[in-house]
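Beneath this line is the structure, given in structure tokens, with notes to follow.
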Amino acid sequence: MLKKINLNSLIPLAQRTCFRNYSQEPAAVETVHDDDFRVLNLRKTKGTQQQLSRRPKPPDVPPPRYKQMAVDQDWGAVWPGPKTFHPASVPLPVRQGWVPLNKTVPGKFANAELMKIPNFLHLTPPVIAKQCEALKQFCTPFPKGLETEEQQEKHFPVQFISSDYVHGLPTIRNPLSRIVTIKLKLSQLKLDEHARDKFLRLIGERYNEETDEITIVTDRCPLKQQNFDYAMYLLTALYHESRTVEEWESSKQEGDMEYYNWHNNQSKVTSTEVLNWGLPGDSKVEPPQEYISCVENLMNEGENEYNINKYKESVVKMLGLA
Amino acid sequence: MSFSGLIKQNALISSQLSRGIQTSAILASVQSGRYKITPKRDRPLTYEMANPPHYIAHRKGWNSWNTSNLRGELRTAQCITEDAFIRKFMTGTWHSLVLSEVIIKRQFNHIRIAALIKQGISSRKMYFLIGYTEELLSYWLQCPVTLELQTITDPKDVIFKYI
């Protein structure tokens, strides 16, 4: 009861009569405003038929905006951001559509094709120049001493590669953006011969011999930062692990060697003996480095014509037979 | 098989199946999007209708612009369902006023809806409907929605040819 009273007191008098007209007095004349939405009347009786005596007059539409535009207007103010093409605000006689020969291409008005394609009307050269000018205050000069690639490599040896993804979707996440790649020149690490050998064994196929680069790809953590941290951890662990010498490494025999080392082999003893044969006791002649590398190449890379020829040349030279 | 292994296998299967399902008969592909010539040659066609589907990207553009219809991208199914819903909602809300296909373009999380609209109602109603559509769609889809309409005085303007 209270509610009903409140309602009645809220509705102005004119509307209240109108309401009564709909529900109780069907014969009364109604004025239908063209501006109002039609009301769905389910309890329609004969008299409540809305009388649309006259045809709706055509809407009063102003002429297209481009007809009032000045020639030297500021286009950036007309089209400030990305927007679907609108023929009334673009003062260009553009046309789009495929037609057979000798037919006219559809114009810009009522042309859905022009509304489909993305436009760059908001990025005209003067607007870009203005935006660049505004962004300049946030820029800093390029750091000195990092002009060439050699300098950059020297001061920032680790290369960090990852991808960011932009969608036309209501999501900003992409699982692929978590993948992190770290690249580093092996020569940038301070490793001795033993550590280098161990490092290469640990890293396996991640080392590229041609470019002297090691590549570590991490993708097991869900976030990019975590993967980056993990990659840096791996690099640190590899570096320190390869520098440690375990006890059992000293008990390595010649049979355990993975490659031929001239200094540990019979070739060293024999060639030194041959070179020092008949010489007085104190002065010892060492075989030249060229001979050593030739023997090592011959044993490590296998016998081929080139290696055998080099070996022959070095032996002839060492013994002075040429 | 472990639980995570099962999940992995399921994900693998679903990723393989995601593009393989065809729900309409092969025969329909000959018929869909094509219009028959009438004896009196008086059937009006818009530019969109005049070009059958195999001319998409040659003579006419797509009606949905987003990245999820590219290979291997995210939210493919959700995006298609949302677009279908937007089209239904638009043609229902702007009843007998939409003269073209509803064009849906997505930029980041922003949805732009473009269409050709007949000037059949007063501008006051039109402004109301724009706000109504934007408000409801942005509430349902949980992202900003912009209606970029072009109004047309004479509905015959969109007719490209008669067949």
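Note on naming: letters A, B, ... go to the chains in the order of the sequence lines (proteins, then strands), and numbering restarts at 1 for each one. Just the heavy atoms: all of them, side chains too, but no hydrogens, waters or symmetry mates, feed the values below.
- A heavy-atom distance below 4.5 Å is found between the side chains of Leu169(A) and Cys79(B).
- Using a 4.5 Å cut-off on side-chain heavy atoms (C-beta onward), Pro118(A) and Gln107(B) make no contact.
- From Thr67(B), atom OG1 reaches atom OH of Tyr165(A) across 12.5 Å, with rounding to the nearest 0.5 Å.
- Looking at Pro82(A), the atoms closer than 4.5 Å to chain B (heavy atoms on both sides) sit in the backbone and in the side chain alike.
- Considering only heavy atoms from C-beta on, Ser123(B) stays 4.5 Å or farther from Val61(A) through its side chain.
- Interface remark: Tyr47(B) contributes side-chain atoms only to the contact with chain A (heavy atom separation under 4.5 Å).
- The choice from Ala110(A), Ala88(A), Pro106(A) that makes the most heavy-atom pairs within less than 4.5 Å of chain B is Ala110(A).
- To the nearest 0.5 Å, atoms OG1 (Thr84(A)) and CD1 (Ile113(B)) are separated by 10.0 Å.
- Both the backbone and the side chain of Leu74(B) come within contact range of chain A, judged by heavy atoms closer than 4.5 Å.
- With a 4.5 angstrom heavy-atom cutoff, His86(A) touches chain B only via side-chain atoms.
- Once rounded to the nearest 0.5 Å, the distance linking CZ of Phe109(A) with OG1 of Thr153(B) reads 9.5 Å.
- Here NZ of Lys116(A) is found 10.5 Å from NZ of Lys105(B). Values are rounded to the nearest 0.5 Å.
- For residues 48-66 of chain B, a heavy-atom distance under 4.5 Å to chain A picks out Glu48(B), Arg59(B), Lys60(B), Gly61(B), Trp62(B), Asn63(B), Trp65(B), Asn66(B), given by residue number.
- We find the CE-CG distance between Met115(A) and Leu149(B) to be 7.0 Å, quoted to the nearest 0.5 Å.
- With contacts defined as side-chain heavy-atom distances shorter than 4.5 Å, the pair Gln150(B)/Pro87(A) qualifies.
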